[in-house]
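Input: a single structure, listed below in structure tokens.
So that the names make sense, note that chain A is the first sequence line, chain B the second, and so on, each numbered from 1.
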Amino acid sequence: MKKKNLFYAFCKKHGVVFALLALILAAALLFPEFASYGNVTNILNQNSMIGIISLGMTFVILTGGIDLSVGSLAALSSVLAAVLSPKGSLAIMILVPLAVCTAMGLLSGLIIAKLQIAPFIATLGMMMAARGIALVMTDGGVSVSVDTGVAETFRLFARSYLLRVPAPVWLFVLLLVTGLYIARRTRSGRYVYAVGGNEEAARMMGLQPEKIKIAVYTVNGLLAGLAGLILASRLGAGQPVTCDGWEMTAIAATAIGGTLLSGGRGGLGGTAIGVFIIGVISNMINLQGSLSSWWQSIITGLLLLFVVMLQSHARANGTGSTEIAG
Amino acid sequence: MMDSIAAKNGHTCIDWGQNIRKYGTIYAFLLLVMFNILFTRNFASMGTLWNLTIQVLPTMLTSLGMVLVISSGGIDISVGSVMAISAVTSGLVLTGKTPLLGTDTGMAVLAALVVALVLGLFNGVLVACFKIQPIIVTLILYIAGRGIAQLMNNGGTIVFYGNTFTEIGLYRVGGLVPVQLFVSILFVWIIAFLLKKTTFGYYVQGIGENGKAARLSGIRTAQVLISVYVISALLAGMAGLFECSRASCADPNAIGQLAEMDAIAAVAIGGTSMNGGKARIMGTIFGALIIQLISIMVNMNNIPFAYSRIFKAAIIILAVYLQREKRR
Amino acid sequence: MEAMYLLEMRQIDKQFPGVHALDHVNFRVRAGEIHALMGENGAGKSTLMKILTGLYRKDTGEIILDGQQVSFNSPLEAQRAGISTIYQEINLIPYLSIAENIHLGREPMNRTGIDWKQVNQRAERILREMGVEADVTQPLCSYGTAVQQMVAIARAISVQAKLIVMDEPTSSLDEKEVEILFRQMRKLREKGIAIIFISHRLDEVFEICDTVTILKDGKLVSESPAAELSKLELVSRMIGRDATDVLRRKNGVYQGTGGVPVLEAHGITDKEKLRGVSLRIRQGEIVGLAGLLGAGRTELAKVIFGDNPDYTGTLAVNGQEVRWKAPRDAIAKGFAYCSEDRKAEGIFSHMSVRENMTMAILPRIARRGLVNVGRQKDIVDRYIKSLSIKTPGQEQLIRNLSGGNQQKVLLARWLCMEPRLIILDEPTRGIDIGAKAEIEALIQDIAGQGISVLLISSELEELVRNCHRVIVIRDGKNIGELESDMLSEGNIMRTIAQDILQEGGACI
Amino acid sequence: TDSENTAVPDADVGVDSGESEVLTVAFSQCGNQNNWKVVQTNDMKEKIEARGYQYIYTDAQDDTAKQMSDIEDIISQKPDYLIVSPRESEGLTPVLKSAMDAGIPVILVDRGINGEAGVDYTTLNSADLIWEGQTCAQYMKEQFGDERCNVVELTGTPGATSTIDRNKGFTEEIANYDNIKIIASQVGNFNRAESQKAMENLIQAYGDEIDAVFAHNDDNAIGALQAIKAAGLKPGEDIKIYSMDGQKDALQAIIDGDMELSVLCQPRFGDSVLAIIDQLEAGEEVPAFVKNEGKLYTIENAEECLDEAY
Ligand SMILES: Nc1ncnc2c1ncn2[C@@H]1O[C@H](COP(=O)(O)OP(=O)(O)OP(=O)(O)O)[C@@H](O)[C@H]1O
Ligand SMILES: Nc1ncnc2c1ncn2[C@@H]1O[C@H](COP(=O)(O)OP(=O)(O)OP(=O)(O)O)[C@@H](O)[C@H]1O
Ligand SMILES: [Mg+2]
Ligand SMILES: [Mg+2]
């Protein structure tokens, strides 16, 4: 890409970057613990799961779709890992949940692409179904701990460190870089943008929107499964009722990151920033420590509002487009 | 020869397909009803009908608002929080916690609706004037709104027994027909009228279909969009009022939980495109009925919660599948 | 015998609900020829092409390509079989860069993935060859329709194809670009590539085509060498009756009173293209706006119509200075604007003809927000008749109409407003010759009624034929004004050329 | 030894107030989705702040994953004590262990975790939810004797420990009685409106067959009560209602004869938790389990206990 283009892209993302910087600055000034090694690692670590999910969500949203099932899939994955743990094989504990979540992602994709059902509905169905399966497997929602035989080794999955940085963070960074590469340097990545930009045109240009959509939801299922595994490893247990609302967090992170929900425009870089904006807000509230639950929601809402206003302002100045919201 | 026969068959197929697409939601609803009559005990009775009309009202009202929002090309996930805030507002007034307003039922309703209106304005202005994506705007209100509802009574449930307000929710016309039926009909009529007969209806759908063209046609897009979100919030407020009036309490934590999902699902089942444009009222009504009927089915057949989720998912997808739009 | 034809479509039949779009049509194309497919709006040309490229499924019939029976299920399959297509509606991806749009689906790769450097360089080269100057790394949507059309053409001819389908590629191009396109087409023909060319501009057809196939109402009328056809005959076959009256040409002289101009724009400058352009239109006057691609005509129209409030300079209506905030302010003063980009800025694709046509006039046929459906239907009826719009009924979705008929619905949207000034940006784009004549007559007619018209057209001939006065602009500035006797295609071209020369001189 | 460990970071964080004596107490709440939780949260804050302690509060919004993050954030602030109301018994053990390892005593309230007292946490202070379910069954048996007793169960939030334990206690107990059986079990979600709807539908389906309602909390019970009344049935005669929590509204219903029983499940943990902290501060041993005694509210005592209910 040309320099100018990169600069242009950067300008468009300006708003989010500034918002994150502003939040970090504010947090560092308000809370001395904020900048500590422990706290920074916490933020990175805690948000790596949502981060991984948001990467998949970004691709989904870039095609003009949406995936509500990710939270349920992550929960299902954690349950599967725990339920399978008595078998004593790490490979089974990791591969089966990933395979199941990938298959369910594939199923969403097939329903969307082949039956032509709106992604919102198809994945809403998948969200309920996956949650239902997790509940059925656990006798109505009783959480299952990872068998002690493998617990220690499985724990390492989320709790080993490299250069003092926890493994899930590395995983997230690795996936982010891979995602960025796919989005910018591979055909499949570009086709995702094309399908979201104008599906009909993409078809006329000889692309196969169905295939791309199926792929995107399948990958998203896989990533949700991965996040679920990290969760299970962190918790040492499978939890059928956890991760409620993760889909909304992931969608919010994507949208805050500047990806249009109508598809075709945006990218992973912004999403990663969006994830950490949400993460820092939540961390700030915890560090503040004396807000009641309701004030926590209200402050979260206000900070999000601040972020999107900043971003919308930057966008308006950046392109001067008169496009209508929606 | 073969070909021409196929063509003829194809032709009738298209007609059938069109018919199903147009009335798919109704067929799906009737199918569910038939199924229940056959397999659910005590289903075929007036009692079930009244339960359905009573219980569907909040979903019906929020879906009617949602169909407007979605057809304008947006989405409103804040309806549940708006329901909670207006319910709590009415509760505060009724229990005399807002000394200036008295404890009058009328005042409680008015206050609740005014609050809903303000929330709708918030959504509308951010979407229309600041051009922020609707899902984000309403997500903000979804998060903060729940907090506001809780803050208003310090998280506690407000209980109010035995006044005019609770009687409204339980009132049965002629001792038989629940008042909810008439409320549903009234609002369905109002929204259908707005969409089909007024310039506003044309504008909403026009904006959802092609915002740029709408602007060039001289439509005040901002004004229309703001109205859309205000109407949605008012209907949600109304839903919150009925929900808490019947339960004689306003629980800021519980009222309207997942209401947005039900409403969106009802609209989608009803065949309105999630990308905006043509709004389908009839479909939405039956969409809401289907959603509520599923809950009733689950209860009446004592289906375990875990299976009920899977079951609900299947029915929703099937209903949408019946009337999806074919590509060519 | 068989090998004579590269493509044979036999007995193609296609029904849409309520429309028999193609009635057992035979169509064949030889290798290395440019084959014109002609017909009125809604004759079935695009449908035939969409069946060929696998976008629509045919009801019956067979397609033989290169001696082999084929049946494509998707454009991809057609592409793989060597058919490259430019569809009538520009179908590109708005947010991707121009370079990417040209290469999408066949990006050059290197070891590390897509070779962006090569993508951009190639795109730049192709476009430069076609005389288009644009930053290929910019998103496509930041350019106007003409550039987009050139990109679509570049995309189609830069593949290795046996057969290229061009469905009205020239409708938004002006003479210069058309010339460039034709040069490319001739080159392709020399290489033995067949081209199916659809256009409503007769001169173009006679200039470039070898064979002409004519459709009418979904039926094949004739196939004959272009050389054996006269213009009159061609048109007569297309419309199915004697066409002498259609081919009339006339250019009135402005008869109106002088008086205060309906619109006076002075020194309009915006942030991008316009650099102090001025313009004056009197009552009942038809003023043409001529200029090369990207001269800023559309931008000027948008300022006049209030769609771009971000400008300096003055606008005065009937001598009174105005400042619009949004198009509706201009509409309230009796302005109307028919956009050049009908898909993005015109139609509400999932709404009916009735709803589309009356979107702007609603406030007038509504009382207290309540639409008077009776009056609405009357109006729609009247305009369906007077513009002879081909549709099964008022309730047909506009997206199911042929391109030309969609355009007519949009025209009707504004004509029914009985405006004081109507800005027509490429109003006859994609409209067949008969309808074009009708629309031109209509323009004369409304001008006669005292309505002023600002006509933007890439067809100089059309400007010359219709306008009382033509303003020539370049790079957002006035470079000349031609009236009455001076008004001719040659003079317009000369004005532009001179300006370019002068500037070139100054530069060196 | 613990207090030595904590003294250092405290001075470290030390705001301008010179006293390093002020204790910092953190409370990780799992969620505030119903009345009971809200009362618990409010009481905790009130009591701890009344002592003049520094109070850190987090709300996990009913998500175990978030609760783990919350606790991590709390640990990085190095409080003196960590009170946790766990979302679930599984899952938080690792993070609580790391708090213990960092020298922060962990006091569990309301619900235990899968782990060892003294290693994974310091002590657990809670009521016995299984016992509550059992008690309902026993009381039901007492009232019904050997008569037919078809029970409709209105459960709490699916997957919540309170739901699981109360169901467990009840079902295990009624296994001993032939006449009591659950004919339907539907979700009431600790929510009046939802329970009301579910009960309306259940009455429609089962009609006269229903003899009793076992509601997982008072909100569920009152929702059911409203449905029963609206259906023209007489609560207390046609259908008897049993539940748990001890909310004021439930006690009032008992006084009015609409409900039979509400088993107290004390939401106010402030005092007992502070007592534990005092013991720890004084260097005393605390038992691994500090039980909040339950109590039965029935027609016998509802009137006099009305004021102590929440
Ligand atoms: N998807 C569709 N559904 C219903 N009718 C259609 C559809 N597509 C085309 N038609 C109808 O088929 C007929 C042929 O349309 P087509 O687009 O092929 O015309 P055309 O010859 O390309 O006209 P134009 O010159 O205006 O582009 C028209 O009457 C049109 O209304
Ligand atoms: N060098 C260029 N060549 C062609 N088009 C350009 C060039 N630079 C910019 N453009 C774009 O082309 C579009 C056409 O400009 P505008 O519509 O104002 O002029 P126009 O004379 O109406 O051109 P058109 O023939 O495309 O209608 C503008 O949106 C502009 O951004
Ligand atoms: Mg066509
Ligand atoms: Mg133009």
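- Looking at B/Lys197, both its backbone and its side chain come within 4.5 Å of chain C, counting heavy atoms on both sides.
- Under a 3.5 Å cut-off, the side chain of C/Asn26 and the backbone N or O of C/Gln11 do form a donor-acceptor pair.
- If you measure heavy-atom distances from C/Tyr337 to chain B, the contacts under 4.5 Å come from the side chain alone.
- Using a 4.5 Å cut-off between heavy atoms, C/Ala336 makes no contact with chain B at all.
- The pair C/Arg354-C/Glu395 meets the salt-bridge criterion, with a side-chain N (NZ, NE, NH1 or NH2) lying under 4.0 Å from an Asp/Glu carboxylate O.
- Under 3.5 Å, the side chains of B/Tyr202 and C/Gln376 contain a donor-acceptor pair of N or O atoms.
- The greatest number of non-hydrogen atom pairs below 4.5 Å with chain C, out of B/Gly206, B/Gly208, B/Ala214, is found for B/Gly206.
- With a 4.5 Å cut-off on non-hydrogen atoms, C/Lys50 does not touch chain B at all.
- Checked against a 6.0 Å centroid threshold, the rings of C/Phe305 and C/Phe335 do not count as neighbours.
- Judged by distance alone, the side chain of C/Asn372 and the main-chain N or O of C/Ile365 form no donor-acceptor pair under 3.5 Å.
- In this structure, chain B has no heavy atom under 4.5 Å from any part of C/Leu410.
- The part of C/Ile331 that comes within reach of chain B is its side chain, from C-beta onward, which places non-hydrogen atoms under 4.5 angstrom from that chain.
- Using a 4.0 Å cut-off between charged side-chain N and carboxylate O, C/Glu345 and C/Lys302 make a salt bridge.
- When heavy atoms are compared at a cutoff of 4.5 Å, C/Arg368 does not approach chain B at all.
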